[in-house]
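A short write-up of the structure that comes next.
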Amino acid sequence: MRVEPFDRANPDLSKRDSGSVKSVPPRVPGFYTLLRTEFTLAVRRRSDIVNPLLFFVTVLAMMPLGIGPEPEMLARMAAGLIWVMALLATLLSQESLFRGDYEDGSLEQLALQPQPLYFPVLAKVVVHWLVTGMPLALLSPLLGMMLNLGEAGYWPLFVSLALGTASLSLIGAVGAALTVALRRPGLLLALIIMPLYVPVLIFGTGAVQAALDGYGYGPQMAILGAILAAAAALAPLAAAGAIRISLEN
Amino acid sequence: MSWQWFHRLGSPRWFYQKTSVWLPWLGTASLLLLAVGIAWGLGFAPEDFKQGNSYRIIYIHVPAAFLALAGYYIMAICGAIGLIWKMKLSFVVMRAAAPIGAALTFIALFTGAVWGKPTWGTYWVWDARITSMLILFFLYLGVMALSGAFAREQSGDKASALLALVGTVNIPIIYKSVDWWFTLHQPATLKLTEASTIDPSMFYPLITMIAGFYLFYAWVLTLHTRSLILQREWRTQWVRELLGQSAPAAKV
Amino acid sequence: MSAQPDTATNTVRELTLCVSGLSCERDGRVLFEGLEFTLNTGAALQIVGANGAGKSTLIRTLIGTASDYTGDILWQGAPFPKSLPELRTSLLYIGHNAGVRRGLTPLENLAWYGASRSDAMMALDAVGLYGFEDVLCQQLSAGQNRRVALARLYLPDPAPLWILDEPLAALDVAGVASLETQMRDHLQRGGSVLLTSHQPVDVAPLEKLNLADFQPCPEENLEQAYAS
C-alpha cells in the first residue's frame, strides 16, 4: 500500500467536499482490492488454512491402520482415498466461506453495491482455493508415496487435484451461500453438496487410474478443465443468488 | 389482462377449489390404469425365456425410475417458476414434489435390488443406472433437508428451489460421468434392461403401467400440495370456513 | 407515480424518499400497515418502536434486501423495485451489523469502502480512533468498532441518503454529540438521514415516526376479516 503522510494538525482539506451533496457513484472495490482483502483475511486466520491440511494428512494416515498395510492393497486404493479426503477437506473448510462476512454485515454491504455479486464471490473462491485446494494438491504426491501410489500417478494426481479442487471450491460456494443464514450448517452443507461433487471425483480418480494403468490421461484432464470452466462461469452466479436469498432471511 | 389467469393460477385458494373437482377423476383413472397394468403385466404377459418370472418387477421398477427422474425436473421447474415469477403456489408444489420423488427413487432402488438377487446373484451392484439413481436419491434428500432447515418458510422455498435448479444443471453431467465410470470399471455385460429388445406383448402392459404411474404421481402430488396449502394458509378465512371453524382457533 | 414523469432527465434531482400505504409482514405476522412518510432533502426522520415492532424490517425493505411488502415506495418519484438501483447509488447504509471486518484494521476497513489513506485517517481522527488505525478490529471494543463503521460518515463526498440502524448504540456521550454534529452538517448540505434509535437524537429538523401507531390490532384484524 502506498503510504501518504498524515499530518494530524494540518490535514489536507483541499480534497474535501464542496459543501453540497451530490449523487456520486459509490466507490466500488475492484476485483484486485477484493482479492487482496480476502487474501489478507485468510492469511490472518491462519488456522483456517492449516486445519484442512492437517485433517487431510491425519485421516489419510489413519487409512492404513484401518484397511491394513499391504502395499498392493494400498496402491490400488491410494488415488481414491486421497481424492475422497481432499473432497472432505475442501467441504469442511467451506462452511466458513461467507460466514464471517454474513455475521459482520459486510456481505450485506456488498449486496447493496451496484456491481453484481459475481466478482466478490469469485474473489472469495479464488482465495479459498489458493489456501486450501492448492496446498492439498502440493501435498498429495507426499501422501501418494506414503500410500504406495505408483510413481506414474504423482503428476496426474497433482494436476487433477489442482484442477479439481478449484471446481470443488466453486461448487461448494453455492452450498455455503445457501446455508450461510443457518446457525449450524455443517452436515447439511455436506448433504446438499456431496452429490454435486460426483463428476469431479470420478474424473479426478479416473485420470490417476488411467496413468497407473499406462494409458494417456489427457481426456480426463480436458473434462476436468471443462467442468472447471463451466463451474467458474455458473457457480458464482448461483452463489450470488443464494446470498441474496440468505440475506432476506 | 392476459396475465390474470396466470396470477389466479398462483392463488392457493383457486388451486384448492379447482382441484377438488378434478381429484376424484384423477384418482379413479390412475387406479384403473394401475389395476389393468398390474393384472396384464403379472397375469397375462409371457414369461421371459432367460429370467423367468423375475423380470416382471420391471412393471414397477421402470415406471418408478422414469418418474423419479421426471419428478426431479418437475420439482426444479416449479422452483424456477416460483423464483422468477414469485408465485407462492409454485413453491408449494415444489415442496410437495420432493418427498414423492424421493419415495419413487427409493422404490426404484429397492425393486432394482430385489430384481438383482435372482439376476446377478447379489442385491447390490454398482451398476451405472443404480448408482445414478442413488445419487438422485441424495439430491432429493438434500433439497428436502434444505427446505426444512429454515425457520422462515419463504427462505426455505427460495433456497431449496435454487438448489434444485443447480441439481438440474448437474444431473446430466452426473449421469454421463457415472456411465463413463461404469464402463471403465466393468465390461458392459450386465445391461439386461435394454428397452429396445423388449417384446410387444411385454411392452404394452409396461406402457400402461407407466401411464398409470404418471397419473398416480399427479394425483398424489395434488393431494400433497392441497394438504400443504391448508397447513400454510390456516390463518386465512377461507381455510377456516373450509374446516368449519366459526371462531378463530387459539393455536399459534 | 405519473406526477413526475421527467425526474430521470432532471439534472437537479429531488432526492426524495416517499412511502405510502406500506405494510410489511414477517413469518405471516403483519408488523405494521398503512405506513406513510416522506423524507425530503435536508430532513431527518427517526423511526421509533418497541423491540420487534419492525424497525429493522422497514430498513431492510427500504434498502431492498427484504422484498416482502405491499404498498408503494418511491425514490425520486419512481416506484420500487425499478428505482432501487438508483437509490442504492445515493445510499450510505450502516446496519445493525455494521460491515466492519474484524480481521482487518480500521484503515483497511475504510480502504475497502474506497477511501484514500488521508481521507480515512481524517475520518478516523474525527471519530476518535487516531492511533488505533493499525490495530485489528477484533482487538477493539464494541464501541470502537461502532466508530469504525460510523467513520464512513466522515469521509468526503458522502452519499446523500443516510440510512442508519441504531447508530447511537454502544457510543459514549462524546461520540453521540459528534455524530449529531455530523448529521446536522449533512442535513445542512442538503442530505437526508433516516435512522432508528431508542434514545432522543438532537438533530433539526427531525421528524419522529412511531411504528406502534401503525401496528394492526390482532383481535380487531380477525374480526374484520370475519365480518367481510
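Because the structure is predicted, anything quoted here is derived from the model rather than measured. Here is the naming used below: chain letters follow the sequence lines, and residue numbers restart at 1 for every chain.
With a 4.5 angstrom heavy-atom cutoff, C:Arg60 touches chain A only via side-chain atoms. With a 4.5 angstrom heavy-atom cutoff, A:Arg45 does not touch chain C via any of its atoms.
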- Would you check, one step at a time, whether the test salt bridge (charged side-chain N to carboxylate O under 4.0 Å, His left out) holds for A:Glu38 with C:Arg101? CA-CA 11 Å; A:Glu38 288 308 324; C:Arg101 285 163 191 242; 3.3 Å; yes
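Checked by atom type, the side-chain pair C:Ser192/C:Trp162 shows no donor-acceptor distance below 3.5 Å.
C:Glu25 meets the salt bridge (charged side-chain N to carboxylate O under 4.0 Å, His left out) test with no other residue; sequence neighbours excluded.
For the pair C:Arg147 and C:Asp172, the salt-bridge criterion is met [side-chain N within less than 4.0 Å of a carboxylate O]. The pair C:Glu108-C:Arg117 does not count as a salt bridge, with every side-chain nitrogen at least 4.0 angstrom from each carboxylate oxygen. Electrostatic pairing of C:Lys55 and C:Asp165 does not count as a salt bridge here, judged by no charged N lying under 4.0 Å from a carboxylate O.
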Distance-only donor-acceptor pairs under 3.5 Å for side chains of residues 233-247 of chain A, two or more places apart:
unit_1   : atom_1 : unit_2   : atom_2 : d
A:Arg244 : NH1    : A:Ala111 : O      : 3.1
A:Ser246 : OG     : A:Ala177 : O      : 2.7
A:Ser246 : OG     : A:Ala242 : O      : 3.2

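Between chain A and the residues C:Ala66, C:Gly103, C:Ala98, C:Gly95, the most heavy-atom pairs under 4.5 angstrom are made by C:Gly103. No other option in C:Ala149, C:Gly64, C:Ser67, C:Pro85 has as many heavy-atom pairs under 4.5 Å with chain A as C:Ser67.
Identified under the salt bridge (charged side-chain N to carboxylate O under 4.0 Å, His left out) test for residues 169-184 of chain A, with sequence neighbours left out: none.
Residues of residues 135-146 of chain C having a heavy atom under 4.5 Å from any heavy atom of chain A, listed by number: C:Leu136.
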